[in-house]
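None of the values given here were measured: they were computed from a predicted structure.
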Amino acid sequence: MGRTRQAAGEAGKGCDGYFSFFSFLLYFMRFLPGWETTFRLPLGEVLSIIRPFHPRLGASMTQKKLTGAEIRQTFIDFFVEQKHTFVPSASLVPGGDSTLLFTNAGMVQFKDVFLGTDKRPYTRAVNSQKCMRVAGKHNDLEDVGRDDFHHTFFEMLGNWSFGDYYKKEAIAWAWQLLTEVWGLPKDKLYATCFKDEKGTIPADEDAAEIWKQQPGFDPSHVLFFGRKENFWEMAETGPCGPCSEIHIDRGEEFDNLAGKPHRCGVNGECTRFLELWNNVFIQYNRSGPDSLEPLPATHVDTGMGFERIVSVLQGVDSNYKIDLFQGALEAVRALTGDSVEQMYANFTPYRVIADHARAASFLIADGVVPGNVGRNYVCRMIIRRAARFGTKLGLREPFLAKVGEAIIAAYGDFYPELEKNRQPILDNLRREEIRFARTVESGTAFLQGLLDELKKSGQKVLDGRKAFDLYATYGLPFEIARDIAREEDLEVDEAGFRAGMEEHRLASGGGKAMGKLGGEDAEFYAGVLKGLQKAGELGPEGVAHNPYEWMQVEAPLLALAADGELLTEVDAGDRVEVLLPKTGFYVESGGQVSDTGSIRAADGSWEIEVDEMRKPSAGVIVHVGEVVFGHPKAGDPAIASVDAARRHDIMRNHTATHLMHAALHQVLGEHARQAGSLVAPDRLRFDFNHPEAMTPEQIERVERLVNEAVAADMLVMPNLKAREEAIAEGAMALFGEKYGETVRTITIAPESETDRHSYELCGGTHLERTSDVGVFLIVSESSAAAGVRRIEAVTGRGAYELIARRFKAIKQAAAALKSAVDEVPARVETLQNELAAARKQIAAFKTELALSTFNVQLSSVQTVNGVHLLVWEFPGADKDTLGQLADKFREKYPQNGVCVIGAVDGEQVIVMAAVTQDLIKRGIRAGDLAGHVSRQLGAGGGGAPHLAFGGGKDAAKLPAALASVRSWLEGKIK
RNA sequence: GGGGAUGUAGCUCAGCGGGAGAGCAGCGCCUUUGCAAGGCGAAGGCCACGGGUUCGAAUCCCGUCAUCUCCA
């Protein structure tokens, strides 16, 4: 436990903490006999005693206290000493689990171990897991920061037993760590155990008994609770069991409901009693609502909220007052100029900002950048909410990057991904704040319009639905809308807003984005595997798999199955799942698609075409396909062959993907990390983080760099090594991927591994030399999500096809242009310019011609009751020309003029009517006139009073229609 | 995945069934000038793309794409 007892002389480093050893001492003194009567102080006074020793208030601090980092480390060290393997925190993005938005508990990365579909080289594990809880009944984003205990992001300390130790050890260690290592007072700790209120599941007397045996444990502190508190289930079915929680009584001064009637006790309502640690004992498998079966192997899964235990050990009344948050809070305080007292008096915005800046920093470090879908959207909302609370503190300029710096400083040592991604974190925070400011600005403009209308109508309350529309459409949050309204002495109807939100939620809920859950037949195949292992047909590792070397294997059909049933024989046309003792077929992983191929009888009597590969359970790989001919029977000797040409195309695309990843880093920077990948035979698709569209030059450079790497004929070398080692060497690991302890790395290098061109963790199949890629061509660069760009590219055969097709097109173009291929672009440009000029000229000529003809026509103007009337049919005139003629007419007859011109342009008949301003006042409108004429042509017409158009398809009726203008006018003038 | 909004001159936008506009920037000329500026003029547009409705679509309808935004 050397780390916990740091020498006084080293206290300088400890100064980033908030509370001194003195406060630590004070806290525990409270548990001493007689404390309550002799030295009882409310928290505020305790703080005032402590404050002189606060490092930032100037007092020298020479004494030692336990920092958050040290608490985390003592936990890990303690269990490592008990032969646990330290497993680093998994990414916040759960690998291979589409049902989960974020890793939300320590056991997420071990879920498959409990389910039996994954195996680990260790049976005891300890870690501190990064978790996010942003939605659900326990945590609504809007509530985080309003109290002292909720977080979006938090750490979960945990120790695990996979079929190894059980209750006895787990409880003893928990007790030892809490009381001996961390020194918590034994008489203040309580343990809860399970007792079924329905009486159908046996009570956990074992755990209760073990608790009573712990040294110094008060036997009366064992309490029993029912299913809600003390029975843990992963899902409707699957592993489950009773759990035992450890609670602490912090004393009356932590009772936030003191004086009010409430349930004050373990699992009560106030904050005096806190749950510290949950130990889950997995001993059953639930196969239905009423059926529990004992598991052959029992497991332990524990979880202790890190921030909470730190707050208890540091003796503070808020998770946000632990040392790890102080840097972030200070960063905000430096900007607002608040004193510590002022900050505590208005703590909510500070808490929100500290929490959200931390969550966003960790998210971005794990590749979740602000965006408008899925996880990225959550990241955006968190940043925007922090920014919103910043404005409550008067912070107008982007400020979160400063808080992010503090977070990186506090957590970077234990979570190196923060330090490694410093720049992307700070950039993304800042960029998102700016983006938010922009949407708020435009939303505010719309809101102002609504408020002005409201004031005009003399009302005081803005319709909540309108406010919601503003939110849904322009992203203007309710609170901001309300604040702005209040500045003008107006209100926003909140109930209406909520109603609008609810409607919107229902309207949007229709499209479920749930992937298929999978795992339905996990149990079936686990059973099949066990049977085959028992019969000696499969080894302990299950199906042997080597997609790197075995393009063709000879083996008997171990099992045939369909719809979760074993079959002995199948017929042509049947869809069937085939289990072989070994296979070289690649199973989709890391973006590379599964292999296809065939399984044939050794004697040629039947064949199955394989089009899908599955891994339903640990150690089981099945080929899925259709029987082409014959009657395959279980046990038949067979030959399984991967479609080699297709596989080769895939390998070209996979190696090219690595080369492109490296080229993107070179051209765009380190932030351009993989965010998704598809490696198919005909193309590759690669998503990566990048805030803006690539320029054509950048795309060209990437393409060129990849082709240069291809031409350099570099070696592609796979290697197996320990994950830690590979990562320490700088191998690129991907987020959302699950890696075992031993990983496969792919090095692309000219000669030796020391001069690497590319180095990634990758389980995919690759070429031996880069030159085998052939040609690499980028087909498109587009947006996949905000902040994520997508490149599609082709190689080898696909690239040849593309080149051939493009080349043919350009040759045809060159031939048509009667120019050399290289001169096509220049030639096209010249032609375009010439065409534009010619068009302009033609238009000018047409107008000129029309005007000169029209000039002649102007002499034939009739006079109807003193009004100048020109009715004319002008073949071939278009609309533009007619408009100009109208101008010409009004130039000549600025008053008392009516002009109607009909034109036949192809099949189209156009009628234009123009009237001078003075006649409009007398009720003669061009629109009416155009309508009158057009109706006779079987169509409508209309327009402005001074100029209108109409038309029709029947040219033969035009003369008669035009002739009717005179009488129409006579009727109007009277 | 679903709902809403927006794509018009280099930029910011107006127009929202009848002849494509404004401000700013850029260009030319003029005036003025310590700096700033002012005046005049010309240029600049497949009104995102593809269908449809209509005599007529930037404008209405449908689809596609892109951007913004909300809900999952």
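Under the side chain to side chain donor-acceptor pair (under 3.5 Å) criterion, Arg384(A) pairs with Glu432(A), not counting sequence neighbours. Scored by the salt bridge (charged side-chain N to carboxylate O under 4.0 Å, His left out) test, Arg438(A) finds no partners at all (sequence neighbours excluded). With sequence neighbours left out, the salt bridge (charged side-chain N to carboxylate O under 4.0 Å, His left out) criterion links Asp928(A) to Arg925(A). Under the rule for a salt bridge (charged side-chain N to carboxylate O under 4.0 Å, His left out), Arg935(A) has no partner lying at least two apart in sequence or in another chain. The salt bridge (charged side-chain N to carboxylate O under 4.0 Å, His left out) check on Lys953(A) picks up nothing, with sequence neighbours excluded. When the side chain to side chain donor-acceptor pair (under 3.5 Å) test is applied to Arg146(A), the partners found at least two apart in sequence or on another chain are Glu142(A). Lys455(A) pairs by the side chain to side chain donor-acceptor pair (under 3.5 Å) definition with Glu488(A), not counting sequence neighbours. Residues passing the side chain to side chain donor-acceptor pair (under 3.5 Å) test with Gln936(A), sequence neighbours excluded: His932(A), Ser964(A).
Here the P atom of nucleotide rC55(B) and the CG atom of Leu958(A) are 16 Å apart, to the nearest Å. One interatomic measurement links the two molecules: CZ of Arg388(A) to C1' of rC70(B), which rounds to 14 Å at whole-angstrom precision. The CD atom of Glu441(A) sits 14 Å away from the P atom of rU69(B) (whole-angstrom rounding). Between the C1' atom of rG56(B) and the CD atom of Gln908(A) lies a distance of 7 Å, rounded to the nearest Å. Between the CZ atom of Arg438(A) and the C1' atom of rU69(B) there is a distance of 13 Å, given to the nearest Å. Atom CG in Leu447(A) sits about 18 Å away from atom P in rU69(B), given to the nearest Å. The nearest whole Å value for the distance from the CD atom in Glu502(A) to the C1' atom in rA72(B) is 12 Å.
Looking only at atom types and distance, the side chain of Asp878(A) has a donor-acceptor partner in the side chain of Thr881(A) under 3.5 Å away. Using modelled atom types and a 3.5 Å distance limit, the side chains of Gln857(A) and Ser860(A) yield a donor-acceptor pair.
Using a 4.0 Å cut-off between charged nitrogen and carboxylate oxygen, Glu792(A) and Arg683(A) count as a salt-bridge pair.
Under 4.0 angstrom from either OP1 or OP2 of rG2(B) there lies no side-chain N or O belonging to Arg505(A).
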Watson-Crick and G-U pairing of RNA chain B written in dot-bracket, each distance under 3.5 angstrom, with | for inter-strand partners: ((((((((.[[[[.)..(..]]]]..(((((.....)))))......[[[[[..)....]]]]]))))))).
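Only the C1' atoms considered, rA14(B) is 12 Å distant from rA20(B), to the nearest whole Å. For the P atoms, the distance from rG52(B) to rC13(B) is 33 Å, rounded to whole Å. With both ends at atom P, the span from rU67(B) to rU53(B) equals 31 Å, rounded to whole Å. Of the C1' atoms belonging to rA37(B) and rU32(B), the separation is 8 Å, rounded to the nearest Å. Using C1' as the reference atom, rC65(B) and rA48(B) are 8 Å apart when rounded to the nearest Å. To the nearest whole angstrom, the two C1' atoms, one in rU64(B) and one in rG23(B), are 33 Å apart. Taking atom C1' in both rC47(B) and rG18(B), one finds a spacing of 16 Å when rounded to whole Å. When the C1' atom is compared between rU12(B) and rA72(B), the two are found 35 Å apart, to the nearest whole Å.
Listed nucleotides: rC70(B), rC68(B), rC55(B). Nearest to the side chain of Phe468(A): rC70(B).
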Between the protein and nucleotides 61-64 of chain B, are there any N/O to N/O pairs under 3.5 Å, and if so, what are the atom names and distances?
none

Reading 5' to 3' through nucleotides 4-23 of chain B, protein heavy-atom contacts under 4.0 Å coded B for base, S for sugar-phosphate only, - for none: BS------------BB----
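Among the heavy atoms of the strands, none lies under 4.0 Å from Ser934(A). Using a 4.0 Å heavy-atom cutoff across all strands shown, Arg384(A) reaches sugar-phosphate atoms only and no base atom.
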What side-chain donor-acceptor pairs closer than 3.5 Å can you find for residues 490-498 of chain A, not counting sequence neighbours?
| from | atom 1 | to | atom 2 | distance (Å) |
| --- | --- | --- | --- | --- |
| Glu491(A) | OE2 | Arg486(A) | NE | 2.7 |
| Glu491(A) | OE2 | Arg486(A) | NH2 | 3.3 |
| Asp493(A) | OD1 | Ala495(A) | N | 3.3 |
| Asp493(A) | OD1 | Gly496(A) | N | 3.3 |
| Asp493(A) | OD2 | Gly496(A) | N | 3.1 |
| Glu494(A) | OE2 | Arg498(A) | NH2 | 3.0 |

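Contact between Trp968(A) and Leu929(A) at its shortest, heavy atoms only, is CE3-CD1, 3.4 Å.
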